[in-house]
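The sequence lines fix the lettering, A, B, ..., with proteins before strands; numbering per chain opens at 1.
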Amino acid sequence: MDSDIFPQSLSPTRPHSPEYSSLLRAGPRIRPLTQIHARLVVSGNHPGRSLLTKFLTLAVSSGHPLYARRLLPSVPNPDAFLFVSLIRASSRSPLPFHSIHFYRLMLSFSIPPSNFSFTSVLKSCADISASQLGRIIHTHVITSGFDADRFVQSALVVFYSKNGSLDVARKVFDRMPDRSVVSWNSMISGYEQNGLAGSAITVFNLMTKEEMEPDSATLAIVVSACSQLGDMDLGKWVHENYIKGKIFPLGVVLGSSLVNMYARCGHVRRAREVFDGLEDRNVVAWTAMIAGYGMHGFAEEAMELFQRMQIYGPSPNDITFVAVLSACAHAGMIDGGREAFESMKRDYGFVPRTEHHVCMVDLYGRAGLLQEAIQFIADQIPGEPGAAVWTALLGACKMHKDFDRAAEFSCKLLALEPENPSHYVLLSNIYALAGKMDQVEKIRDAMISRGWRKQAGYSLIEIDHVSFLFRMGDTSHPQTAEIYRYLEELVCRIREAGYEPETDSVLHELEEEEREVAVRFHSEKLALAFGLMSTGGGTSIRIVKNLRMCGDCHLAFKFVSGVTGRELIVRDKLRFHRFEGGVCSCQDYW
DNA sequence: TTAGGGTTAG
C-alpha cells in the first residue's frame, strides 16, 4: 500500500544501525570518533565493511589519515568504494598527499581506478604540485578509458593549469566534446591564476558566444581577471548586468572579488559601497577592503576598519595583518604598524611570516628609519632572512640614498639569489643614483653576458572602451605626432608651475637607444598625453602600468593633476596612485 | 546496508 503513496525513491529507508548513526553524529571530529572506536573494541563485535568505510573516511576528513591507514588492514575485502572514499576525503583535507598513498594501495589490491578516483587524485596532484605523478596518472586515465569523461577532463585542465602547463591544459580543454560550466570555469581560472587575465577574458567571451551560461564562480574569476587588468568597465558590467540585474545574488565570494576589483581599479569608494552592501562578510571580505584602503594610501581608513573588524567582525587572520601592516608602511604610520605587529603575535598568536617581515622592514625603511629596519631584521627574523626582506631594505636604501648600506646589503641579496635579473636592475639603479657609473657598467655587462633583458615597460589606457598600449618612446599609434606635441606642451605648462625633471630617474637601461629616450617619453607619460587629449575636461584618466612608476613620472603627474584639474589614477605593479590637485594619495610613499 | 566527482574571493 505504501508503494502506492510513495514513489520508490521517496519510500522510507531502513534506519541505520546504532553504530552507524553515532558515526553520522560524530562527523569529522577525531575525539568522538576515537570514543566510537573504543566502544567497538569493547563490544567485541567486528564491524562490517560499510561501517569501517564510513569510520575511516571520517578519520581522514578530521585530519588524521595515519589513524585511518593503521586501521585499513582490518577491513575485510576492501573494495573500490572504500578506496574512492579515502582518496576523495584526503584530497579535500589539509593533507592531500595521502590520497596518493590510498590510490597506490588501491592499485596494489588490483582494484582498477575509476573516473571517481581520478578526479580526486588529480586534484591532490594539482594541489601539491606533483607534476610528474599527475602526468603518470594521466596515462592511467587514458589506458583505463576514462579520457572522455568530462569530470576527469576538467580535473586534468585544473591539474595542468596549476602546474603552469597552460598549453597542455588548453589542449585537453579544446578536445572536450561536451563542456560543462565547471569545465569553462577551470580553464578561465587557469589563465587568471597564471597571470594571463587577458586570455581568461577571451575564454569567457568564447563561453558566452557558445551560449553557455556563466555561474557565480565564473563571475568571481572574471572579476578577478578585471582586477588584474585594471579593466573596470568589464568588471562594472558584470556587476550591473548579473548582480544588479538580479541574475545572481551578491554572495560573499563574488562580493569580495568586486571589492578588490573596484579598489584595484582606483574606485575605493565604490569598493566600500559594495562592502557595506554585503549581507555577510567573512574575513576575506574585510581583508579585501582593508587592503583596498591600504593600496590607496588611506591608512587611517584602513586602521579604522580594522578596529571595527576586531569589535564587530570575524577574527582577523594572518593575511589581514599583511594588509594592515602594508597600509601602515605605505602611509608612514610607524606606531600603528609596530603595535599591529605586536598585537598579531600577542593577541592572536600568529607566527610572523616573510610577508609580515617585509612589511615591517618596508615600514621602517620608507620612513627613513634604516637603523630600525636593520635592527628589526636582526632581532625579529629567525634564521637567514629571505630575498624579499633584503629587497625591501635595499629599496629603502635607494629611496634615502644611503649607498654605503646599499652596497653592504646587496651582497646578501645576490648571494641568496644570484640568478634573479631584477636584483641586478635594482642594484644598478642604486649605483647609477650614487654616480658610480663604473659599477653600473659592470652590472650591465654581467646581465648582457647572461642574456638578460629588463622587462619591457608598458602602460594601458582605455578610451571609449578601447584599450591602447604604449611603450617607452612608442611611435606606433596613428596619432603619434599629435601625442608627442601635446606632451611637449604639457611639460612646458608644468615647468611653468615649478616642475623640474628628476634626471636622477634616468637609470640603467640595457639598450643604448632606450637610454637616449630618457624619462620624458616613459610609457605612462605618453598614455597620459593621449588620455588628456582624447577626453573632455572633468573626465578621470586611468592608467595601468606593468612596472613601477619612476620618480620623475610621479612628480610630473602631480603637477599635471594640478594644472589640468583632472583626477589621474595610475595603478603600477604594486599599488595605486591617485593624483588630484597637485598631490598624490600615496603621499609620496611608494 | 553505504555516495559520489572537476571550478569560485583577500
Hey, does the side chain of A:R92 come within less than 4.0 Å of B:dG6's phosphate (OP1/OP2), counting only N and O? yes
Show me the donor-acceptor pairs, under 3.5 Å and distance only, between side chains in residues 73-88 of chain A and residues at least two apart or in other chains.
| residue | atom | partner | partner atom | Å |
| --- | --- | --- | --- | --- |
| A:S74 | OG | A:L71 | O | 2.6 |
| A:D79 | OD1 | A:L82 | N | 3.0 |
| A:D79 | OD2 | A:R49 | NH2 | 3.4 |
| A:S85 | OG | A:F81 | O | 2.8 |

Residues in salt bridge (charged side-chain N to carboxylate O under 4.0 Å, His left out) with A:D276, at least two apart? A:R272
Heavy-atom contacts under 4.0 Å between residues 197-222 of chain A and DNA chain B, which residues? A:S216, A:A217, A:I221
Choose from B:dG6, B:dG10, B:dT8 the nucleotide whose nearest atom is closest to any side-chain atom of A:S180. B:dG6
Please report the interatomic distance CE(A:M344) to CD(A:E342), rounded to the nearest 0.5 Å. 10.0 Å
Does A:Q193 put a side-chain nitrogen or oxygen below 4.0 Å from OP1 or OP2 of B:dA9? yes
Which pairs, with at least one residue in residues 172-193 of chain A and sequence neighbours excluded, count as a salt bridge (charged side-chain N to carboxylate O under 4.0 Å, His left out)? A:R150-A:D178, A:R170-A:D174, A:R179-A:E210
Near-parallel close stack of A:F116 and B:dG4 base (under 5.5 Å, under 30°): yes
The nucleotide from B:dG10, B:dT7, B:dT2 with an atom nearest the side chain of A:V158 is B:dT7
Those residues at least two apart in sequence (or on a different chain) that pass ring-ring contact (aromatic ring centres under 6.0 Å, His included) with A:Y67 are A:H37
N or O in side chain of A:S120 less than 4.0 angstrom from B:dG5 OP1/OP2: no
Strictly below 4.0 Å: does A:N260 bring a side-chain N or O up to OP1 or OP2 of B:dG10? yes
Would you please name every residue forming a side chain to side chain donor-acceptor pair (under 3.5 Å) with A:S180, sequence neighbours left out? A:S183
Of the listed nucleotides B:dT2, B:dG6, B:dG10, the one nearest the side chain of A:T320: B:dG10
